[in-house]
Protein chains: 2
Amino acid sequence: MLKLSRLTDYAAVVMAQIARHPHASHAAAELAEAVQLPHPTVSKTLKMLVRAGLLESQRGAQGGYRLARPASQITAADIISAIEGPVAMTECSQAEGDCELAATCGVADNWQRVSLAIRTLLESVTLAHLADTAPIKLPVQLPIQTISLSAASA
Amino acid sequence: MLKLSRLTDYAAVVMAQIARHPHASHAAAELAEAVQLPHPTVSKTLKMLVRAGLLESQRGAQGGYRLARPASQITAADIISAIEGPVAMTECSQAEGDCELAATCGVADNWQRVSLAIRTLLESVTLAHLADTAPIKLPVQLPIQTISLSAASA
DNA sequence: CTAATTGGGTACCATTTTAGTCCTGTATAA
DNA sequence: TTATACAGGACTAAAATGGTACCCAATTAG
């Protein structure tokens, strides 16, 4: 399915929730309630997002979580990487040399290009877009063009 | 990681192998050897590809597998779907109504658009491209543009 | 007709990944 | 000082994944 893990899904929802109220500090319990998900799991997700530098946390009473930077500067790729690690379709899309089948594989190069195109797409979608109720209206085609190009015809 | 499953990876490699010799019939054992992967696993993968209509099989002596249609008419999305099911980033990207969190989620619509963009990208990459040693040079930007623009409601 | 070849289907097991929980520690504010 | 709230890690349960084995069905060569 090329699916995101459930935690990643949660992360996106929670981040969007925070992004809609950027000035407040959000406690884990409050977010879990707002989003209707189990508290400990949301908490775990939040910790990962902090570790990835997407959120900042404040301990103690009145503490909670805030965005580490504006929603427009946090991308879908950032969120996915925070939970699942680097966006890559295959093992060999991220690191070289750790696939001893490279010789017989024959598709590695092109798979990597596809992978890169997807990563670029995900980098062009920001949290601000995700949190918005309006459809994404981004010049998504630009980065894609850059990568895969030399554009033939339609 | 947004990673493909290992079987999907195998499927792509095996399909590419067949695509490079489209006129011959390829026995599972031969392919497994060529690709340096365990026979039973390759066999399993081949069966899935047949069921998905991407390969045709011929039993008996001199039998084996052939492409069901030209490599240029088989897409990366086809191969991924054959092994993992429909390409979708989240549960709700594929079917409506089976997510009771839709109300509190708030990102579903835009996630679906991203998902659609990725699917379109994968549909624009064919087996012929993957099997080729030359870099992909496809007008990938066209479909993306189409999607992410004014995209109506869900 | 028979035997050899080759795919088809199914069931099963091992491993890994994922998700979720809990506990204990630490920082902060009232 | 006490209640609040995050930090970190260990642990468990469940599910997906990958891999194997076994037997059946079809086809072709001799």
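Lettering of chains follows the sequences in order, A, B, ..., and the numbering in each one begins at 1.
Looking at heavy-atom distances under 4.0 Å, B/A28 makes contact with sugar-phosphate atoms alone, never a base.
Applying the salt bridge (Lys or Arg N to Asp or Glu O under 4.0 Å) rule to A/E56 yields the partners A/R66; only residues at least two apart in sequence or on another chain are considered. Residues satisfying the side chain to side chain contact (heavy atoms under 4.5 Å, CB included) test with A/Q73, not counting sequence neighbours, are A/R69, A/P70. Not a single salt bridge (Lys or Arg N to Asp or Glu O under 4.0 Å) links A/E123 to another residue, sequence neighbours left out. With sequence neighbours excluded, the residues forming a side chain to side chain donor-acceptor pair (under 3.5 Å) with A/T75 are A/D78, listed by chain and number. The salt bridge (Lys or Arg N to Asp or Glu O under 4.0 Å) search around B/R59 returns none, not counting sequence neighbours. For A/E30, the side chain to side chain donor-acceptor pair (under 3.5 Å) partners are A/H26, not counting sequence neighbours. Qualifying salt bridge (Lys or Arg N to Asp or Glu O under 4.0 Å) partners for B/R6, counting only residues two or more places apart in sequence or in other chains: none.
Taking atom CG of residue A/L46 and atom C1' of nucleotide D/dG8, one finds them 14 Å apart after rounding to whole Å. The distance between atom NZ of A/K3 and atom C1' of D/dA15, rounded to the nearest whole Å, is 11 Å. Distance CG (A/L31) to C1' (D/dA5): 12 Å, rounded to an integer number of Å. Between A/E84 atom CD and C/dA19 atom C1' the separation is 13 Å, expressed in whole Å. Between the P atom of C/dT6 and the OH atom of B/Y65 lies a distance of 12 Å, rounded to the nearest Å. Atom C1' of nucleotide C/dA19 and atom CG of A/L4 are separated by 15 Å, given to the nearest angstrom. Atom CG in B/L37 sits roughly 18 Å away from atom P in D/dT17 (whole-Å rounding).
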Residues 37-53 of chain B, side-chain donor-acceptor partners within the protein, below 3.5 Å, at least two apart:
residue : atom : partner : partner atom : Å
B/T45   : OG1  : B/T41   : O            : 2.9

Return all side-chain donor-acceptor pairs below 3.5 angstrom for residues 7-23 of chain A, not counting sequence neighbours, or 'none' if the list is empty.
residue : atom : partner : partner atom : Å
A/T8    : OG1  : A/S5    : OG           : 3.1
A/T8    : OG1  : A/E84   : OE2          : 2.5
A/R20   : NE   : A/A131  : O            : 3.1
A/R20   : NH2  : A/A131  : O            : 3.4
A/R20   : NH2  : B/G106  : O            : 3.2

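B/S5 has no side-chain polar atom (N or O) that falls below the 4.0 Å cut-off from OP1 or OP2 of D/dA16.
Between B/H129 and A/V114 the shortest side-chain heavy-atom distance does not fall below 4.5 Å.
Counted within 6.0 Å of CD on A/Q36, heavy atoms from surrounding residues, nucleotides or ligands total more than 12; the atom is thus considered enclosed.
Within residues 6-26 of chain A, the residues that have a heavy atom under 4.0 Å from DNA chain C are, in order of number, A/R6, A/L7, A/Y10. The stretch residues 52-64 of chain B touches DNA chain D through B/Q58, B/R59, B/G60, B/A61, each having a heavy atom within less than 4.0 Å of the strand.
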Distances under 3.5 Å only, N/O to N/O: pair up the protein atoms with those of nucleotides 20-23 of chain D.
none

